[in-house]
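A quick write-up on the structure given underneath.
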Amino acid sequence: MLYGRTTLSKFLIQQQRADKSAGDLSALLIDVAAAIKGISAMVSKGALGEHQGTLETQNVQGETQKKLDVVTNDIMLRQCEWGGLLAGMVSEELDQPFVIPGGYSRGPYLLCFDPLDGSSNIDVNVAVGTIFSVLKHAERKPPQTAAYLQPGDRQVAAGYAIYGPATMLVISVGRGTHGFTLDRETGNFVLTHPDLTIPADTGEFAINVSNERFWEPPITRYVGECKAGRSGIRERDFNMRWIASMVAEVHRILMRGGVFMYPRDTKDPSKPGRLRLLYEANPMAMLIEQAGGCASTGRGRICEVAPTDIHQRTPVVLGSRNEVERIERYHREYESGADRPFVSPLFNERSLYRSEVT
Ligand code: F6P
Ligand code: MN
């Protein structure tokens, strides 16, 4: 049945009835959705498109850029700069915030985005996505960098697109998390997954286990217990997934539950995690929380972190509530020492016995 279905525009107009001030926000989300349709068309061409391959350049994170990283960044900027809705933008692919060009009027919102998340998967034809976060900019003056440094709790909207077998757009404007599927025949995003809800319990976890030797003890403890399965203290078998594309992992969790971890590790002491706070962790945290899940650094809610840099990284543990809360507890128990059995001082490294022998 093609007629009578709720399209993104209809959905946003209905949301506006609940919040009269949301008119400009709806218009902005329609612009973002238009950019996403453009990116979807481009990405789906695969090797037949003109933008396959890697560039010589690196982005501000020191990561080698794909041609598609640059082109999709451009699509987002061009589609969203002219509408008079934005005061500025921050992108994973841009060192500094993007200033709205002089010829266009400025609006009350800030847009932070990762134009092509998981782009290392492009060459192997695995799902990639676009992630975005919308903040308010109350002042009339053009935003300085500090204007973007707002905690995730101040987001007025967040979303991602996943370019998989179907292109989907998943958004929240603070009243639940809702999924739309792109109908390629009509060009409409159709509401197919209203009010997504993440089950509180799960038997599925996702983490890059090749980093195990760099993890902190609470993560090693949690994953070890999952791997021990039915014969371990969890008394159930767990399943593991790792797609290396955050949008695809979060999408799976929104569809059937699970826990995703990119925790703090010691691999590169200058990076307190892999994922970026403003345009990866915060928008995903809002979507997960609005669907009844939890999103944590391991030590507290992601959305309460006060940003200090537009490209800062953060540890991420998100998904089914009971598992995320368990992982937070393991961090607390580690920090208080409660997870270590009592060791007699006599057998301690610096004990009497030991110093006598040496
Ligand atoms: O943007 C970062 C990202 O590509 C995520 O989409 C993904 O979860 C992660 O990095 C993959 O990291 P790794 O290459 O360590 O598996
Ligand atoms: Mn990314």
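Every heavy atom of this structure was used, including side-chain atoms; hydrogens, water molecules and symmetry mates were not. Fair warning: this is a prediction, and the values are worked out from it, not measured in the lab. Note that ligands are numbered from 1 as they come in the structure, with each ligand's atoms numbered from 1 the same way.
- Only side-chain heavy atoms of Arg276 come within less than 4.0 Å of ligand 1; its backbone N, CA, C and O stay farther off.
- Of the protein's non-hydrogen atoms, Met246 N, 3.4 Å is the one closest to atom 8 (O) of ligand 1.
- Protein heavy atom in closest approach to atom 16 (O) of ligand 1: Trp242 NE1, 2.9 Å.
- Of all protein heavy atoms, the one lying nearest to atom 15 (O) of ligand 1 is Tyr262 OH, 2.5 Å.
- Note on Arg313 versus Glu280: no salt bridge recorded, every NZ/NE/NH1/NH2 to OD/OE distance being 4.0 Å or above.
- Distances from the Mn ion (ligand 2) to each N, O or S atom of Asp117 single out OD1 as the nearest.
- The shortest distance between side-chain heavy atoms of Asp123 and Lys66 falls below 4.5 Å.
- Those atoms of ligand 1 with a heavy atom of Gly118 less than 4.0 angstrom away are 4 (O), 6 (O).
- Taking the centre of each ring, Tyr279 and His311 come in below the 6.0 Å mark.
- Between His178 and Phe11, the distance from one ring center to the other falls under 6.0 angstrom.
- Ranking the protein heavy atoms by distance from atom 1 (O) of ligand 1 puts Glu280 OE2, 2.7 Å first.
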Q: Carefully, step by step, assess His251 and Tyr160 under the rule side chain to side chain donor-acceptor pair (under 3.5 Å).
A: CA-CA 9 Å; His251 194 68; Tyr160 67 81; 2.7 Å; yes

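- In summary, the aromatic rings of Phe260 and Trp242 are positioned with their centroids under 6.0 Å apart.
- If you check which protein heavy atom lies closest to atom 14 (O) of ligand 1, you get Arg274 NH2, 3.9 Å.
- The contact set between ligand 1 and Asp117, taken as ligand atoms under 4.0 Å from a residue heavy atom, comprises 1 (O), 2 (C), 5 (C), 6 (O).
- For the side chain to side chain contact (heavy atoms under 4.5 Å, CB included) test with Tyr109, the passing option among Lys136, His137, Met89 is Lys136; the others fail.
- Sorting the N, O or S atoms of Asp114 by how far they are from the Mn ion (ligand 2) puts OD2 first.
- Side-chain contact check for Glu216 and Thr220: no donor-acceptor pair (N or O, by modelled atom type) lies under 3.5 Å.
- Close N/O approach between Asn208 and ligand 1 is found [any backbone or side-chain N/O within under 3.5 Å].
- Across Leu254 and Ala291, no two heavy atoms sit closer than the pair CD2-CB, 3.6 Å.
- Under 4.0 angstrom from ligand 1, there are no non-hydrogen atoms of Val247.
- The distance criterion of under 3.5 Å between nitrogen or oxygen atoms is not met by Asn211 with respect to ligand 1.
- If you look at Glu280 and ask which of its N, O or S atoms sits nearest the Mn ion (ligand 2), the answer is OE2.
- Using a 4.0 Å cut-off between heavy atoms, Ala244 contacts ligand 1 through both its backbone and its side chain.
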